[in-house]
Amino acid sequence: MKSALSAGVRSPREPAPACVPRNPKAGGAGPRTHLIERLRASISAIEQNPVSIPRPPAHPGTGEPGPACHPSRWTFGARPVDAALPGGRLATSGLHDIRPAAHGDGPAALAFALALAGRRLSMHGASPLLFWGFTAASAHETGAPHGPGLIRFGVDPAHVLMAEVRRARDLAWAVEEALKSRALGAVLARLPDMAVLPLRRLTLAARAGRTPCLLLLDHHAAAHGFADSRWRVTALPSAPHPFDARASGAPRWKIDLERCRGGTVPQTWQVEWSDDAYCFAMVAPMADRADAARERRVLSR
Amino acid sequence: MTRIVSLWLPQWPIERMRRESAASCPDDGAPFVLALAEGKALRISAASPAALALGIEPGLGLADARARCPHLLCAPAEPASDAHALLKLARWCGRYGPALNLDGPDGLWIDVTGVAHLFGGEKALLRDLCERLARFGVTARAGLAGTRAAAWALARFSASPSIAPPGGQVAALASLPVEALRLAPDEVRLLRRLGLKRIGQLATIPRAGLKRRFPSRDDCEAVLLRLDQAMGVRAEPAAPLAPSPFHCVRAAFPDPLISSEGVSHAVAGLADDLCAALDKSGLGARAATLTLWRCDGGTVQLRAGASAPSRDAGHLLRLFAERLASADLGAGVDVIALATQGVERLGASQKIFLERETRLSAARLIDRLSARIGAAQVFRLERRDSHIPERAVTRRSAMRGEAKGEAMPAAPQRPLLMLGRPEPIAVIAGIPEGPPLRFTWRRLTRCIVRWQGPERIAPEWWREIATRRPSRPRDYYRVEDEQGARYWVFRDGLYQRQGEDGPPAWYVHGLCG
């Protein structure tokens, strides 16, 4: 116990340790270790916070070290999902495919991709810049990105470099250049359905530049074997707002991990994105689902 | 035999403002003035023709002017922007003569010695100049004479365009009033009291008698100096605007280069030489032009820009490499020239957001993307000072560097994607101020289960002074349908205040994740 205490007191100048939950049995009494981890997380959060996005020091309730302390691994923040990924994290130099389940789930897939990008940009040692490429046709159809709407997902609009192109070929080239440049934390692109997607080149570029690429594809796009992980997103009715019964609260999505390099069984989860802690949380079980259905019937009458 | 054109832009501040934003200036018919704060009072610094017709002139106090004309429109004067824009116009006028400079806050002089034959004569030159400026929306009056002072006088005090023949300043200026000599107001008053109202009278009077009439010798000397400068007897040297520094390296080949590899190799050598020249003067290039002269007489010109000044030969080469590979070389290239278009001091201060290497690689990435896709298509989002959602955020080309504005606000919540134009929807909602219950968009009906709002966004009345139909206030709602898709819809207009536009209409403006 003494060693745990003295190890816990650090001067603020030392770099923060990697935020990995410690085994409570090894270090002494469980609650004390949790407390020390939370204190460490809050100190590192105070030191390293970016100015424009307010981050709370630790997620209250669970004993996990706060997601706001800059993690060194690209995780979801929700334990069941992280446990299913090989190595407990997403690969940071690879291609990740995100598809909506139906045409109307496009904005939900984009929001999921942005949430993942936001978590990647806040990683320790990653560049805070994000590159976002889209075609003029998709901007015309579903709208162009709006700056203030990105803040909710943990992405600072001042650090986003956007490119609007007319031809899909140019977008593929731009994404490849961005991946090879090694100046970015993540690359996000909405590629339209092309006859031949240059996915092998993008995978090689991502590996060479050690930058992750989040590709948003159409719901009917064919599957391919180059991605490190393949996700399918469906929008779910959102969580109830904590203060207003009629308003919609945190966004909820059903995510399907269809394939992951490293051999995982395909699984489905229902996750909720928390705006204030910038991490994913598992949706609570059936208990409040009946309430939601009852509310819906009342409102629509 | 020098020939100098003097250009006077009597309405420059107002026309400059109108060129930059047509909405901030009303039409020509309305009396409109610009006011400048002098001490504690606001004085008029520029007046539109309609205001001048009502007797409101620059120099009058704003309160007096308002008393004379109650419906006078006024805007604050911006002398710094006027000067900057005049400098840009002056650089454009460089097509008429090699040396030019500003002459007061609303004038220019251009040295056109030996240039007139290129435009087909002096009259044609002045006509061309005035017509082109009129096409820009700038009223200009021009005068051409052998001295700068004579041209100044002709531009302002005689019918435009007026030309004094070589050596004929005396005759041309004789009928102009003495104010045309750029004298101080006291001197003008004294001359008028002496009965000398025209320059011709002043020129013929014996000088000894004049000296006795002035209170001091210096005043008389000043008047006579101006007169002699106008007549060309004494010189009035004036320095022209210094052109921006220009670096150019060129290579000519005894046999024409026929392959693009050869051309790339030659361009690589030129880039090294250019960067060595930039290095010696401590500058970095922001834009460069590569010109290839083919042996069949054609030229190929490629331009490339950089978002941060650079003198790295490899970077410059990569900017041109793509387009060089696809350029049409014809039968061969004889001469290649590489020149810089804009230079800056290298090492200018940059923000300390990112690590140095990341910043450099990001700048290089921006340059490469802009070279292929276009500088306007690679952008960052910048916050603008407006609460109207479509005007709150603009795109700022990434080549222009990082935005210096404030960070975007996190509250109130805004959608992730915003449509370019709000699309109309058919809505079932409670009247007069109820939330939407069901709406049809793109032929799909969606039932709303959750909603939040309204957030009222009123139009910016200060921007819509001159328009006849101002826009209506909007009530924004964040709604969610049964499947979980979220929209940002608004009602345009209020039921209680239905004007001539009819009942309020509903639109969808954005999609949230």
Side-chain angles (χ1 to χ4, degrees), chain A residues 51-54 104-112 114-115 127-129 131 139-140 142-153 156-166 170 173-174 177-178 181-184 234-238 241 244 246-248 251-253 295-296 299-300, chain B residues 353-355 357-366 368-369 372-374 377-383 389 392-393 395 398 402-403 405 407-410 412-420 435 437-438 444 447-453 478-480 482-486 509-513:
Chain A
V51 175
S52 58
I53 299 185
D105 293 321
L110 175 64
F112 175 69
L114 268 180
S127 154
L129 281 184
F131 174 81
H140 188 72
T142 44
H146 187 60
L150 299 175
I151 299 177
R152 196 181 185 196
F153 297 100
D156 189 359
H159 287 151
V160 179
L161 182 66
M162 295 201 190
E164 177 178 343
V165 291
R166 293 211 356 252
D170 288 340
W173 174 85
E177 286 291 319
S181 77
R182 294 195 192 185
L184 306 164
T234 321
L236 289 180
S238 64
H241 198 274
D244 187 352
R246 280 182 307 220
S248 51
R252 279 187 183 166
W253 307 302
E295 259 180 48
R296 227 176 297 139
L299 280 172
S300 59
Chain B
F353 270 110
L354 315 169
E355 294 291 339
E357 294 83 39
T358 321
R359 209 186 319 133
L360 274 176
S361 339
R364 305 251 160 103
L365 173 67
I366 292 171
R368 278 207 300 283
L369 292 176
R372 174 150 166 177
I373 302 176
Q377 267 66 36
V378 182
F379 55 92
R380 287 191 168 99
L381 293 178
E382 188 185 19
R383 179 187 177 183
V393 174
R395 294 183 176 184
E402 289 192 17
M408 301 207 192
Q413 260 191 22
R414 289 285 177 254
L416 189 54
L417 296 166
M418 201 153 85
L419 296 169
L437 300 170
R438 194 180 305 178
L444 279 178
C447 279
I448 292 174
V449 290
R450 291 182 190 277
W451 56 272
Q452 189 174 8
R478 281 196 289 278
V479 299
E480 180 182 330
E482 328 162 286
Q483 273 89 30
R486 278 174 282 272
H509 207 171
L511 306 169
C512 322

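Just so we're on the same page: letters track the sequence lines, and every chain starts at 1. Worth knowing before you read on, the calculation uses all heavy atoms, side chains too, and leaves out hydrogens, waters and symmetry mates.
For B:Arg364, no part lies near chain A; criterion is any non-hydrogen pair under 4.5 Å. Using a 4.5 Å cut-off between heavy atoms, A:Phe131 contacts chain B through its side chain alone, with no backbone atom that close. Of the atoms belonging to B:Ile366, it is side-chain heavy atoms, and not backbone ones, that fall under 4.5 Å from chain A. In this structure, the portion of A:Leu236 lying under 4.5 Å from any heavy atom of chain B is its backbone and not its side chain. Proximity to chain A (any heavy atom under 4.5 Å) is shown, for B:Leu369, by both the backbone and the side chain. If you measure heavy-atom distances from B:Pro412 to chain A, you find no contacts under 4.5 Å at all.
A donor-acceptor distance shorter than 3.5 angstrom exists from the side chain of A:Asp105 to the backbone of A:Ala235, with no hydrogens or angles considered.
Here the side chains of A:Pro157 and B:Arg383 are not in contact, with every heavy-atom distance at 4.5 Å or above. Side-chain contact between A:Ser238 and B:Glu480 is present, with at least one heavy-atom pair separated by less than 4.5 Å.
Counting non-hydrogen atoms of neighbouring residues, nucleotides and ligands closer than 6.0 angstrom, the NE2 atom of A:His241 exceeds 12 such neighbours.
The most heavy-atom pairs under 4.5 Å with chain B, out of A:Thr142, A:Leu150, A:Val160, A:Asp170, come from A:Thr142. Ranked by heavy-atom pairs under 4.5 Å with chain B, the list A:Ala174, A:Ser181, A:Ala144, A:Pro251 is led by A:Ala144. Chain A forms more heavy-atom pairs under 4.5 Å with one residue of B:Val378, B:Val479, B:Leu416, B:Val393 than with any other, namely B:Leu416. With chain B as the partner, the residue from A:Ala111, A:Pro145, A:Ala183 showing the most heavy-atom pairs under 4.5 Å is A:Ala183. Per-residue heavy-atom pair counts under 4.5 Å with chain A were compared for B:Gln452, B:Arg368, B:Arg478, and the maximum is reached by B:Arg368.
For B:Glu382, the side-chain hydrogen bond (donor to acceptor under 3.5 Å, both in side chains) test picks out B:Arg396, with sequence neighbours left out. A:Arg166 pairs by the side-chain hydrogen bond (donor to acceptor under 3.5 Å, both in side chains) definition with nothing, not counting sequence neighbours.
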- Are B:Glu482 and B:Cys447 close enough, and set up right, to give a side chain to side chain contact (heavy atoms under 4.5 Å, CB included), and what steps lead you there? CA-CA 6 Å; B:Glu482 328 162 286; B:Cys447 279; 3.7 Å; yes

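A cation-pi contact, defined as under 6.0 Å to the ring centre and within 45° of the axis, links B:Arg372 to A:Trp173.
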